[in-house]
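Structure record follows, encoded as structure tokens.
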Amino acid sequence: MKKTILHVSKYYYPYLGGIETLARSLAEGMTNYNNVVVCFATDGEDHVDEVNGVIVYRVKVHFSLMSQDIAFGYYGKLKYLMSEYKPEYVHVHCPNPFVYPLVARIIRPETKLVLHWHSDILSKGIFYQFVKPFESYVLRKASRIIATSPNYIHPSSPIYAYRKKISVVQNGMVPSDFDMKENDEQRIANIKAKYDNKPLVLFIGRHIHYKGIDWLLDIAQMVRSDCKFIIAGQGPLTEKLKGKNTSPKVEFTGKLPADELRCYAHAADIFAFTSNTKAEAFGIALAEAMYCGCVPVVFHLEGSGVNWVSIKDETGLEVPLGNLQAYADAIDRLLSDSELRTRLATAARQRASSLFTESKAVELMENIYNEL
């Protein structure tokens, strides 16, 4: 009889995000186990559905506090799931501080707790002071803590004190989403023609503060090469960023459909990954761009997995945090040296293909469950 894993994710498919993509990959990929998911509902209603054979319990959210959803029915739902499925493992995707005291209270002594540490809680205000005792308790209680990169096992993170029970399982992108499809060559040619066949510098991501898009707009003014900066995605800062932009080199595309996103990644020469705080813990978009042979330029982020996903001078270029001129110079260097660009692009694709796929993440996670 299969053992059961209860996956506790903030949200779940069809909600799309880095954590949710990985949660889905693990729940669907670890077929040697019975996988059940509990998460917050995004439509304001309690309901149960099935996603590719995985039962998903979605709990109604009553309000949000400092970006954390609060659901009055969550404790009762967890209690029911523990009784109904008697899971051998509870796999919590962190951060999700609302669930920490609930899991700590309800988990059975014989159930092993696995914490998948996607990111620290970076705000250290009053909210964190309230949460910290529960966070410390679940860290002590955990049978295993999963870091998404060796770089994140860092003295600045609360997981560092528990490093003897940490394993690394890197996030995995979905290769089939970025493999070339029928008619893609023509789509890519059309994209290049749209921008007069100039070199393309691509940004993909949510338009939020730590993504560094405001820095990228300044960088675009410093780059000497005749190129185009394509800023894809959207978010709460989109209109403000558009208002700031004065460069004819820059174009905002909005959120791109999957087919267009893939083709833009293959069409671009450089991936501008300007995230500028440790809130960018890994960078799945970075791995996706590397898979497409789009050469990244990144800032050095101490304690973040970004500089492990892309290796300095091996798969891309890296510059000191906040040095915008050095970033612009790195772009100019890549655009003026096709041999360097080709070498880095080849290495970037190889690294992404071998390390940062969903099948690799599932393989590593299954090995850990077998150990447990």
Inset, instruction - Flag the pair Tyr15 / Cys39 as yes when at least one side-chain heavy-atom distance between them is below 4.5 Å, and no otherwise. - result: no
Legend entry - Side chain Ser83, main chain Lys79, donor-acceptor under 3.5 Å: no
Inset, instruction - Flag the pair Asn96 / Gln68 as yes when at least one side-chain heavy-atom distance between them is below 4.5 Å, and no otherwise. - result: yes
Inset, instruction - Assess the side chains of Asp329 and Gln325: does a donor N or O sit below 3.5 Å from an acceptor N or O? - result: yes
Legend entry - Whether over 12 other heavy atoms sit under 6.0 Å from Lys181 NZ: yes
Inset, instruction - Kindly check if the number of other-residue, nucleotide or ligand heavy atoms within 6.0 Å of NZ (Lys192) is above 12? - result: no
Legend entry - Ion pair check, Arg58 and Asp46, cut-off under 4.0 Å: no
Inset, instruction - Supply the atom-to-atom distance Lys77 NZ to Ile106 CD1, rounded to the nearest 0.5 angstrom. - result: 12.0 Å
Inset, instruction - Using a cut-off of 6.0 Å, state whether more than 12 heavy atoms not belonging to Glu84 lie near its atom CD. - result: yes
Legend entry - 4.5 Å side-chain heavy-atom contact, Ile204 and Phe273: no
Legend entry - Partner set under side-chain hydrogen bond (donor to acceptor under 3.5 Å, both in side chains) for Arg108, not counting sequence neighbours: Glu110, Thr111
Only distances under 3.5 Å count here; give the side-chain donor-acceptor pairs of residues 228-239 to other protein atoms, sequence neighbours excluded, each with its distance to 0.1 Å.
residue	atom	partner	partner atom	Å
Lys228	NZ	Pro248	O	2.8
Thr238	OG1	His207	ND1	2.8
Thr238	OG1	Gly235	N	2.8
Thr238	OG1	Gly235	O	3.0

Inset, instruction - Over 60° means perpendicular and under 30° means parallel, so classify the ring planes of Phe40 and Tyr74, tilted if in between. - result: tilted
Legend entry - Arg163 to Tyr160, cation-pi by 6.0 Å centre distance and 45° axis angle: yes
Legend entry - Residue pair His47 / Tyr57, side-chain donor-acceptor N/O under 3.5 Å: no
Legend entry - Nearest-0.5 Å distance, CG of residue Asn171 to OG1 of residue Thr21: 9.5 Å
Inset, instruction - Return yes if some donor-acceptor pair links the side-chain N/O of Asp269 with the main-chain N/O of Leu200 below 3.5 Å, else return no. - result: yes
Inset, instruction - Determine yes or no for a side-chain-to-main-chain donor-acceptor pair under 3.5 angstrom, with Lys112 supplying the side chain and Tyr369 the backbone. - result: no
Inset, instruction - Would you please name every residue forming a salt bridge (charged side-chain N to carboxylate O under 4.0 Å, His left out) with Asp218, sequence neighbours left out? - result: Lys244
Legend entry - Closest non-hydrogen atom pair, Ala268 against Leu202: CB-CB, 3.7 Å
Legend entry - With sequence neighbours excluded, residues passing side-chain hydrogen bond (donor to acceptor under 3.5 Å, both in side chains) with Glu45: none
Inset, instruction - Please report the closest heavy-atom contact between Ala220 and Val250, naming both atoms and the distance. - result: CB-CG2, 3.7 Å
Inset, instruction - Examine distances only and state if a side-chain atom of Thr277 and a backbone atom of Ala279 form a donor-acceptor pair shorter than 3.5 Å. - result: yes
Inset, instruction - Could you walk me through whether Ser64 and Ile70 pass the side-chain contact (heavy atoms from CB on, under 4.5 Å) test, one step at a time? - result: CA-CA 6 Å; Ser64 293; Ile70 307 297; over 6 Å; no
Inset, instruction - Assess the side chains of His266 and Asp184: does a donor N or O sit below 3.5 Å from an acceptor N or O? - result: no
Legend entry - Any donor-acceptor N or O pair under 3.5 Å, side chains Asn370, Glu366: no
Legend entry - Within one Ile-Leu-Val-Met-Phe-Trp-Tyr cluster: Val36 and Leu26, side-chain cutoff 4.5 Å: no
Legend entry - Within-4.5 Å side-chain heavy-atom neighbours: Asn276 and Leu321: yes
Legend entry - Spacing of CD1 belonging to Ile284 relative to CD1 belonging to Ile19, to within rounding of 0.5 Å: 11.5 Å
Inset, instruction - Look at Arg187 together with Glu260 and state whether they make a salt bridge at an N to O cut-off of under 4.0 Å. - result: no
Inset, instruction - Give the cluster check for Ile146 versus Leu115: same hydrophobic cluster or not, with ILVMFWY residues linked at side-chain heavy-atom distances below 4.5 Å. - result: no
Legend entry - Main-chain N/O of Ile153 paired with Ser157 side-chain donor or acceptor, under 3.5 Å: no
Inset, instruction - Search all heavy atoms of Leu286 against all heavy atoms of Phe282 and return the closest pair with its distance. - result: CD2-O, 4.5 Å
Inset, instruction - Output all residues satisfying side-chain hydrogen bond (donor to acceptor under 3.5 Å, both in side chains) with Lys278, sequence neighbours left out; order by chain, then residue number. - result: Asp120, Ser156
Inset, instruction - Check whether any side-chain N or O of Asn35 sits under 3.5 Å from a backbone N or O of Met30 as a donor-acceptor pair, and report yes or no. - result: yes
Sequence neighbours excluded and cut-off under 3.5 Å, please list the side-chain donor-acceptor pairs for residues 287-309, or say none.
residue	atom	partner	partner atom	Å
Tyr291	OH	Asp179	OD1	2.5
His300	ND1	Glu318	OE2	2.9
His300	NE2	Glu302	OE1	3.0
Glu302	OE2	His154	NE2	3.2
Ser304	OG	Glu280	O	2.5
Ser304	OG	Val306	N	3.1
Asn307	OD1	Leu301	N	2.8
Asn307	ND2	Phe299	O	3.0
Asn307	ND2	Glu318	OE1	3.2

Legend entry - Leu372 vs Val114 side-chain heavy atoms within contact, under 4.5 Å: yes
Legend entry - Lys165 atom NZ: more than 12 heavy-atom contacts under 6.0 Å: yes
Legend entry - Heavy-atom closest contact (Tyr11 atom, Glu20 atom, distance): O-CG, 3.3 Å
Inset, instruction - Measure the shortest side-chain to side-chain distance between Thr148 and Val168 over non-hydrogen atoms and say whether it is less than 4.5 angstrom. - result: no
Inset, instruction - Using the side-chain hydrogen bond (donor to acceptor under 3.5 Å, both in side chains) rule, take Tyr128 and Glu135 through it: C-alpha gap first, then chi angles, then the decisive distance, then the call. - result: CA-CA 9 Å; Tyr128 182 70; Glu135 178 186 77; 2.7 Å; yes
Legend entry - Polar side-chain atom of Lys2 near backbone of Thr31 as donor-acceptor pair, under 3.5 Å: yes
Legend entry - Within 6.0 Å of NZ in Lys255, more than 12 heavy atoms from elsewhere: no
Inset, instruction - Give, for atom OG of Ser225 and atom CZ of Arg333, the distance between the pair rounded to the nearest 0.5 Å. - result: 13.0 Å
Legend entry - Within-4.5 Å side-chain heavy-atom neighbours: Leu334 and Leu344: yes
Inset, instruction - Look only at the side chain of Asp332 and the backbone of Arg224, and say whether a donor-acceptor pair between them is shorter than 3.5 Å. - result: yes
Inset, instruction - Would you please say whether a donor-acceptor pair under 3.5 Å links the side chains of His7 and His93? - result: no
Legend entry - Approximate separation, where rounding is to 0.5 Å, of Thr357 OG1 and Glu363 CD: 8.5 Å
Inset, instruction - Give a yes or no on whether the backbone of Tyr195 and the side-chain of Lys198 come within a donor-acceptor separation of less than 3.5 Å. - result: no
Inset, instruction - Provide the closest heavy-atom pair for Thr315 versus Ser310 in the form atom of the first, atom of the second, distance. - result: OG1-OG, 3.0 Å
Inset, instruction - Using the side-chain contact (heavy atoms from CB on, under 4.5 Å) rule, take Leu6 and Val38 through it: C-alpha gap first, then chi angles, then the decisive distance, then the call. - result: CA-CA 7 Å; Leu6 175 62; Val38 61; 4.1 Å; yes
Inset, instruction - Using a 4.5 Å cut-off on heavy atoms from C-beta on, say whether the side chain of Lys211 contacts that of Phe203. - result: yes
Inset, instruction - Would you give the length of the straight line joining atom CG of Leu22 to atom CE of Met365, rounded to the nearest 0.5 angstrom? - result: 9.5 Å
